[in-house]
Amino acid sequence: MKLLRVGPPGAERPVVLGEDGTAYDLSGRARDLDGVFLAGLDTAELAREVAAGALPVVDLAGLRVGAPVARPGKVVGIGLNYRDHAAEAGAAIPDEPVIFLKPSSTVVGPYDEVLVPRGGEKTDYEAELAIVIGRTARYLDSHAEAAEVIAGYTIANDVTERAFQFERGGQWDKGKSAETFTPLGPWLVTADEVADPQALALRLWVNGERRQHGSTAEMIFPVLELVRYASQFMVLEPGDVMVTGTPAGVTLGHPGKPFLAPGDVVEIEIDGLGRQRQVLGKA
């Protein structure tokens with residue numbers, strides 16, 4: 001099942017796509033695609049409503065697509081989770097997952113403008129699989145328990161200002177936290193439709209040139225371990241998002257390649273999860 005949000009920023013309405021691609025309005029039964037909705041989501045029941053014609057049809061033509069989750073409580077980032085990316089960054093393979101946090105104010109829609117921040121000099125892209133949490137999780141004991149709290153998956157661009165991240169002192173959060181730095185979407189694909197989250201190809205292009213082409217099979221720490229592990233240090237709540245790391249190919253690892261600048265176009269796709277596209281602007 002594919003869920004999305006359409007409409008102007010701050011006034012999006014929830015939509016579900018039928019198997020034939022027809023869009024159905026969920027605003028009569030859900031305030032938004034938020035933690036409350038995800039915590040009570042019954043995909044089988046929703047599928048029956050769609051099949052029965054119980055929901056009004058929506059024409060998506062000309063409508064903006066927002067992030068498929070309404071302002072997550074938190075965005076949990078995972079760093080250096082692909083061996084090839086760690087190698088290109090000159091970093092050791094981590095013994096445990098590297099965790100950082102991104103503010104919810106970084107989240108925008110999949111086609112929204114991404115802004116190079118004021119003072120930014122080395123704005124970079126990172127194609128990533130994103131996990132959307134659907135149940136409260138604390139101190140999970142197993143991967144089986146981790147699977148039960150995942151509502152679904154989407155695409156993320158973990159945009160990063162490398163000069164802030166590495167050259168201004170402190171933690172990574174400085175380079176990860178600018179507004180528009182987490183485009184999400186276009187859809188939240190429910191977990192039952194993703195047979196194996198460790199078998200998804202990721203691809204990213206800048207101005208039509210392919211820069212990244214990897215697979216979630218290459219993760220150091222797989223999806224279920226990331227959720228289990230993170231729950232030992234923080235409570236994961238419905239609507240939270242976890243971005244799971246990026247494969248090789250970021251600008252940081254290729255001296256001589258230009259970092260992102262206003263006017264550049266970044267496109268990302270992940271098998272089964274759709275495609276997003278952003279044009280860079282300036283804050």
Side-chain angles (χ1 to χ4, degrees), residues 4-12 32 63-79 85 89 98-128 130 154-186 204-209 211-212 239-246 249-269 275-283:
L4 68 159
R5 301 167 65 246
V6 298
E12 295 93 342
D32 209 337
L63 294 180
R64 169 186 170 270
V65 178
V69 183
R71 198 173 177 91
K74 57 183 170 293
V75 178
V76 182
I78 304 296
H85 174 56
V98 175
I99 292 180
F100 58 90
L101 294 176
K102 303 187 75 168
S104 58
S105 57
T106 62
V107 174
V108 292
Y111 313 116
D112 289 345
E113 185 179 45
V114 166
L115 302 175
V116 175
R118 295 181 186 182
E121 302 171 352
K122 298 178 180 179
T123 302
D124 210 348
Y125 51 80
E126 294 189 10
E128 307 203 10
T154 190
I155 301 173
N157 186 356
D158 179 18
V159 186
T160 306
E161 173 48 52
R162 303 296 187 192
F164 295 175
Q165 182 184 16
F166 295 121
E167 300 170 17
R168 299 291 297 273
Q171 304 297 312
W172 283 9
D173 296 39
K174 281 184 181 177
K176 301 283 189 175
S177 297
E179 61 180 330
T180 75
F181 266 26
T182 315
L184 289 179
L204 179 145
W205 295 261
V206 177
N207 299 328
E209 175 192 3
R211 298 279 187 89
Q212 292 185 281
D240 285 351
V241 171
M242 179 181 291
V243 294
T244 58
T246 196
V250 300
T251 311
L252 175 69
H254 294 270
K257 285 280 187 183
F259 285 95
L260 297 175
D264 285 344
V265 178
V266 178
E267 298 171 274
I268 304 173
E269 68 178 15
R275 188 178 179 111
Q276 58 174 234
R277 179 182 188 273
Q278 299 98 40
V279 178
L280 275 287
K282 183 70 176 174

CZ-CG distance between R277 and D112, expressed to the nearest 0.5 angstrom:
12.5 Å

R211 and H254, any side-chain heavy atoms less than 4.5 Å apart
no

All side chain to side chain contact (heavy atoms under 4.5 Å, CB included) counterparts of L101, not counting sequence neighbours:
V76, D173, M234

Here the pair of heavy atoms bringing G239 nearest to V69 is O-CG1, 3.4 Å

Taken to the nearest 0.5 Å, the spacing of F100 CZ from I78 CD1 works out to 7.5 Å

To the closest 0.5 Å, what do you measure between OH (Y125) and CZ (F259)?
9.0 Å

Mind checking salt bridge (charged side-chain N to carboxylate O under 4.0 Å, His left out) for D158 and listing every partner two or more places apart, or none if nothing turns up?
K102, K176

Going from CD1 on I155 to CZ on R275, what distance comes out if it is rounded to the nearest 0.5 angstrom?
9.0 Å

Side chain to side chain, R162 and T251, heavy atoms closer than 4.5 Å
no

Can you tell if the side chain of R71 reaches within under 4.5 Å of the side chain of S104, non-hydrogen atoms only?
yes

dist I268:CD1 -> N157:CG (nearest 0.5 Å) comes out at 3.5 Å

Can you name the nearest heavy-atom pair linking A156 to V243, along with the distance?
CB-CG1, 3.5 Å

Between E128 and T246, is a side chain to side chain contact (heavy atoms under 4.5 Å, CB included) present by the stated rule, with each step listed?
CA-CA 5 Å; E128 307 203 10; T246 196; 3.9 Å; yes

Expected output: side-chain E167 to main-chain Q165 donor-acceptor under 3.5 Å
no

State which residues pass side chain to side chain contact (heavy atoms under 4.5 Å, CB included) with T180; sequence neighbours excluded, sorted by chain then number.
V108, V114, L115

Contact between T123 and P117 at the side-chain level, heavy atoms closer than 4.5 Å - yes or no?
yes

Does E209 have more than 12 heavy atoms from other residues, nucleotides or ligands lying within 6.0 Å of its CD?
yes

Considering all heavy atoms, the nearest D32-A70 contact:
OD2-CB, 3.4 Å

Are any of the side-chain heavy atoms of P110 and V65 separated by less than 4.5 Å?
yes

Atom pair CD (Q278) and OH (Y111), whose distance is rounded to the nearest 0.5 Å
9.5 Å

Hey, does the side chain of E267 reach the backbone of W205 with a donor-acceptor pair shorter than 3.5 angstrom?
no

Looking only at heavy atoms, which two atoms of T106 and S177 are closest? And how far apart?
CG2-O, 3.4 Å

Okay, side chain of D124, backbone of T160: is any donor-acceptor separation there less than 3.5 Å?
no

Would you say the side chain of K174 lies within less than 4.5 Å of the side chain of E161, judging by non-hydrogen atoms?
no

Heavy-atom closest contact (P262 atom, K282 atom, distance)
CG-CB, 4.1 Å

I want to check something: taking the side chain as every heavy atom from C-beta on, are L280 and V116 in contact at a cut-off of under 4.5 Å?
yes

Do you know which two heavy atoms are closest between V241 and P72, and how far apart they sit?
CG2-CG, 3.8 Å

